[in-house]
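Just so you know, ligand 1 is whichever comes first in the structure, and atom 1 is the first atom listed for that ligand. Because only heavy atoms are used, hydrogens play no part in the values below, and waters and symmetry mates are left out as well, while side chains stay in.
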Amino acid sequence: MADSNADSAASSALIERIEPYLEADKIQARTAELGAALSAELPQDSPTVFVCVLNGSFMFYADLLKHITTPTNTAFLAVSSYEGGTKSSGAVRLTLDLTIDIAHRDVVIVEDIVDTGLTMSYLLESLRSRKPRSLRVCTLLHKPARKKIDVPIDHCGFTIDDVFVVGYGLDYDQRYRDLPFIGVMHFDPPA
Ligand code: IMP
């Protein structure tokens, strides 16, 4: 994401282009597998709290939960570390907190992408301090090339290259979240 071309796209009138990267069918098939894998290890006798990390994971979260066969509670929080462009500001802020108590509960954090790991590290610390019985991480994407800090990932949809991706919940400047597929964002000079 340290793509300086990307960050100056607006000011230098570069042309945005989205190159298909992960097709909708492939995402759906992998999401079903993740749901089955999680369902196989979660308790049948008490609801697991599935935490949706807004904004980016809303689409993945909705699709994943359709494949969970054990009891669930839904819960939402929001974090912010990006300020518009394609580079993380590095400072993670909780902008919306959970409204339920997760003490002594089984919890799964559902994230769109683990990139530097800073957001997940922050979330793990914040949620661990609330004393859940268990805490798992399920991320649709993992971009290991950008790793700044190691975080445990229990379930991962796809390991991706060092590219900035949009679609299926992921945005560039709050756009493209509605795409049913994931594409790589390119910024081309005008012809
Ligand atoms: P991290 O803290 O660097 O691991 O970044 C986590 C957050 O950054 C994710 O939840 C996303 O919202 C955002 N992010 C990281 N990489 C990308 C990307 O390639 N496209 C869109 N958003 C990204």
Side-chain angles (χ1 to χ4, degrees), residues 1-10 14 16-24 26-27 30-31 34 50-64 75-98 107-128 135-188:
M1 290 176 323
D3 184 343
S4 52
N5 286 342
D7 289 327
S8 59
L14 295 173
E16 295 176 12
R17 175 170 57 87
I18 297 169
E19 175 196 3
Y21 190 69
L22 291 170
E23 290 161 12
K26 201 169 169 185
I27 297 170
R30 185 70 186 124
T31 301
L34 292 172
F50 277 77
V51 175
C52 177
V53 183
L54 297 169
N55 296 326
S57 67
F58 76 97
M59 237 188 235
F60 173 49
Y61 182 87
D63 286 339
L64 179 70
F76 301 84
L77 56 71
V79 283
S80 148
S81 64
Y82 279 61
E83 276 148 18
T86 61
K87 249 190 232 169
S88 169
S89 66
V92 184
R93 280 186 311 124
L94 194 61
T95 54
L96 175 77
D97 204 351
L98 298 176
V107 176
V108 179
I109 304 176
V110 180
E111 179 61 300
D112 54 354
I113 183 166
V114 173
D115 184 3
T116 62
L118 292 171
T119 303
M120 189 51 73
S121 167
Y122 172 88
L123 285 175
L124 283 167
E125 195 181 319
S126 170
L127 298 193
R128 264 187 206 129
L135 186 56
R136 290 174 173 79
V137 172
C138 176
T139 183
L140 177 64
L141 306 176
H142 181 210
K143 204 194 290 183
R146 292 278 160 189
K147 182 172 74 179
K148 285 195 180 153
I149 186 164
D150 260 319
V151 287
I153 297 175
D154 300 281
H155 295 277
C156 171
F158 303 94
T159 298
I160 66 165
D161 303 321
D162 185 8
V163 287
F164 191 82
V165 287
V166 294
Y168 198 65
L170 292 139
D171 76 308
Y172 169 67
D173 249 347
Q174 299 303 327
R175 284 176 296 135
Y176 308 121
R177 291 192 196 275
D178 53 342
L179 298 176
F181 64 92
I182 289 174
V184 176
M185 192 82 219
H186 292 286
F187 300 89
D188 297 332

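Taking every heavy atom of Asp112 and a limit of under 4.0 angstrom, the matching atoms of ligand 1 come to 9 (C), 10 (O), 11 (C), 12 (O). Near Lys143, the atoms of ligand 1 lying under 4.0 angstrom from a non-hydrogen atom of the residue are 16 (N), 17 (C), 18 (C), 19 (O). Under a 4.0 Å criterion applied to the non-hydrogen atoms of Thr116, ligand 1 contributes the atoms 1 (P), 2 (O), 3 (O), 4 (O). Close contacts of ligand 1 with Val163, meaning ligand atoms under 4.0 Å from a residue heavy atom, involve 19 (O).
Geometrically, ligand 1 and Val165 share a nitrogen or oxygen pair separated by less than 3.5 Å. Note: no N/O pair closer than 3.5 Å links Asp171 and ligand 1 by distance alone. In terms of polar-atom proximity, defined here as any N/O pair under 3.5 Å, Gly117 does make such a contact with ligand 1.
Qualifying side chain to side chain contact (heavy atoms under 4.5 Å, CB included) partners for Asp178, counting only residues two or more places apart in sequence or in other chains: none. Scored by the ring-ring contact (aromatic ring centres under 6.0 Å, His included) test, Tyr61 finds Phe76 as partners (sequence neighbours excluded).
Of the candidates Thr119, Ile113, Thr139, Val53, the one placing a heavy atom closest to atom 2 (O) of ligand 1 is Thr119.
Checking Asp162, Asp115, Asp161 one by one against Arg146, the salt bridge (charged side-chain N to carboxylate O under 4.0 Å, His left out) holds for a single residue, Asp162.
Assignment of Glu111 to the shell around ligand 1 is supported, since a heavy atom sits closer than 4.0 Å.
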